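Both backbone and side-chain heavy atoms feed into the values below; hydrogens, waters and symmetry mates do not. Nothing here was measured: the structure is a model prediction, and the numbers come from that model.
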Amino acid sequence: MVTVESPRLIIVTDTFIISYKKKNSNHMVEDTSLHDMSLPEINPHLLSAWKLLREAKPFDELSEGQQEKVTLFSGYTEKIYPLTKLLSLILFRI
């Protein structure tokens, strides 16, 4: 619940979500905070794992770290992929 003390970013985001749900009551809305997720960083380690997989290297031959990152990243993309509508709200506070 937003209060007068809530930062503006939270107020704007919550207001948007509430308004969207009211106007689109037939849509399933999942409000996910990226702050609560451990999103994998797309770094050279993950990129090299993807390259090896594209070259048909078996998954179990990747390093343990590469397997972990690929699995974590794939979990997020598999969750998002079937969605018919994906709304992203990115606000920068300068």
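- Within 6.0 Å of the CD atom in Glu64, the count of heavy atoms belonging to other residues, nucleotides or ligands does not exceed 12.
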Could you go through the side-chain contact (heavy atoms from CB on, under 4.5 Å) check for Thr15 and Ile18 one step at a time? CA-CA 5 Å; Thr15 302; Ile18 291 166; 5.9 Å; no

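- In this structure, Glu61 has no salt bridge (Lys or Arg N to Asp or Glu O under 4.0 Å) partners at least two apart in sequence or on a different chain.
- To the nearest 0.5 Å, atoms NZ (Lys57) and NZ (Lys51) are separated by 10.5 Å.
- Residue Val70 comes nearest to Ala49 through the heavy atom pair CG2-CB, 3.7 Å, listed as atom of the first residue, atom of the second, then distance.
- With sequence neighbours excluded, no residue forms a salt bridge (Lys or Arg N to Asp or Glu O under 4.0 Å) with Lys22.
- By the rule that hydrophobic residues join a cluster once side-chain heavy atoms approach within less than 4.5 Å of another member, Leu72 and Leu47 end up as members of separate clusters.
- Residue pairs meeting the ring-ring contact (aromatic ring centres under 6.0 Å, His included) criterion with at least one member in residues 41-66, sequence neighbours excluded, are Trp50-Phe73.
- Rounding to the nearest 0.5 angstrom, the gap separating the CG atom in Leu53 from the CD atom in Gln66 is 8.0 Å.
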